[in-house]
Every structure is written in structure tokens, then in C-alpha cells.
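As C-alpha cells, the structure follows; a few thoughts come after it.
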Amino acid sequence: MKKRRICQVFLGLLGAFLLTAGVFQGDFRTVMNKAIRICYECIGIG
């Protein structure tokens with residue numbers, strides 16, 4: 001049970017770190033633009 005908790009904390013911190021790194025590299029804007037285009041195509045606007 002303790003190993004599982006350590007693994008959860010480690011993966012959570014790793015995810016937060018990678019998310020922060022992506023935001024600082026400007027990847028957030030690229031991902032957001034692609035997501036918006038996909039949503040527009042799904043509802044038939046784009």
C-alpha cells in the first residue's frame with residue numbers, strides 16, 4: 001500500500017512538472033488551437 005502511494009505522488013509530481021515545462025515552451029497555444037479546430041469540425045462549423 002505504501003509503494004502505491006509513493007508511486008501516485010511521484011507520477012503526480014512528474015505530470016505537474018511536464019505540464020509546466022510544456023507551458024513554458026509555448027506548447028499550450030498549439031494544443032489549444034488544435035483542440036478548438038477539432039471541436040469546430042465535430043459540430044460542423046469549421
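For this chain, numbers begin at 1 and follow the sequence in order.
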(message) For the CD1 atom of Ile38 and the CD1 atom of Ile43, what is their distance to the nearest 0.5 Å?
(response) 13.0 Å

When the side chains of residues 20-33 are checked against the rest of the protein, which donor-acceptor pairs come out under 3.5 Å, sequence neighbours left out?
{"unit_1": "Thr20", "atom_1": "OG1", "unit_2": "Ala16", "atom_2": "O", "d": "2.8"}
{"unit_1": "Asn33", "atom_1": "ND2", "unit_2": "Arg29", "atom_2": "O", "d": "3.3"}

(message) Please enumerate all residues that pass side chain to side chain contact (heavy atoms under 4.5 Å, CB included) together with Arg5, with sequence neighbours excluded.
(response) Gln8, Val9

